[in-house]
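Both counts, for ligands and for their atoms, begin at 1 and track the order of listing.
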Amino acid sequence: MIEQREHAIKNGEPKTDDLLGLLMESNRRHAQERDHLQDASLTTEDVIEECKLFYFAGQETTSVLLTWTMIVLSMHPNWQDQARNEVLQVFGQSKPTFEGLSRLKIVTMIFYEVLRLYPPVVILLRQTYKEIKLGEFTFPRGVQLLLPIILLHHSREFWGEDA
Ligand code: HEM
């Protein structure tokens, strides 16, 4: 795809207005601005990796959140009614707009609660690149740290007895 698009750009065909097009355009401009000795532009391999990252980071997370939201709303018809009423109140029969989305208070509360209960990313991983002090602990270089988001989200200490 990248080669086809590079070919198309060389032939003066109009650019495609999507993520890959943006990455390639930014990369082309960046490469032109830097001198060749310290060229920090992306390779084709980098562009492919960036696209994969956006796909997994953006697609998986969002679809997991929406799936859990449908499940949880079906478990709690009372909240489903409140969410539906709010959407109808804010948008009526017209198409949703970005400005309107920020006025959806109940829907936002529901998303936050579903993200707390069923976070699409359940752990965060980090690795120390040098000796580092965290609170009362000192970790040497090369230690892997795992932050269990799912456990924090269900902690009674932070969220109360009905966590
Ligand atoms: C409900 C939706 C989402 C959730 C729960 C979510 C969650 C996260 C989390 C927890 C991280 C940090 C990972 C880490 O540092 O180890 C992250 C990073 C990232 N997310 Fe999302 N995300 C969501 C939606 C999206 C969307 C829609 C996009 C792009 C269209 C996106 C792109 C990214 C990227 C590029 C990173 C890496 C940032 C970096 O460290 O350079 N995410 N996301």
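Residues Ala163 and His154 share a closest heavy-atom pair of CB-O, 3.7 Å. Here the closest non-hydrogen pair linking Gln80 and Leu73 is NE2-O, 3.0 Å. Residues Lys133 and Thr138 share a closest heavy-atom pair of CG-OG1, 3.9 Å.
Protein residues having a heavy atom under 4.0 Å from any atom of ligand 1 are Leu53, Phe54, Ala57, Gly58, Thr61, Thr62, Leu65, Pro120, Val121, Leu124, Arg126, listed by chain and number.
Environment of CD in Gln127: crowded, with over 12 heavy atoms of neighbouring residues, nucleotides or ligands closer than 6.0 Å.
Applying the salt bridge (Lys or Arg N to Asp or Glu O under 4.0 Å) rule to pairs touching residues 65-93 yields Asp81-Arg84, sequence neighbours excluded.
Within the 4.5 Å cutoff, no side-chain heavy atoms of Asp46 are placed close to those of Asn27.
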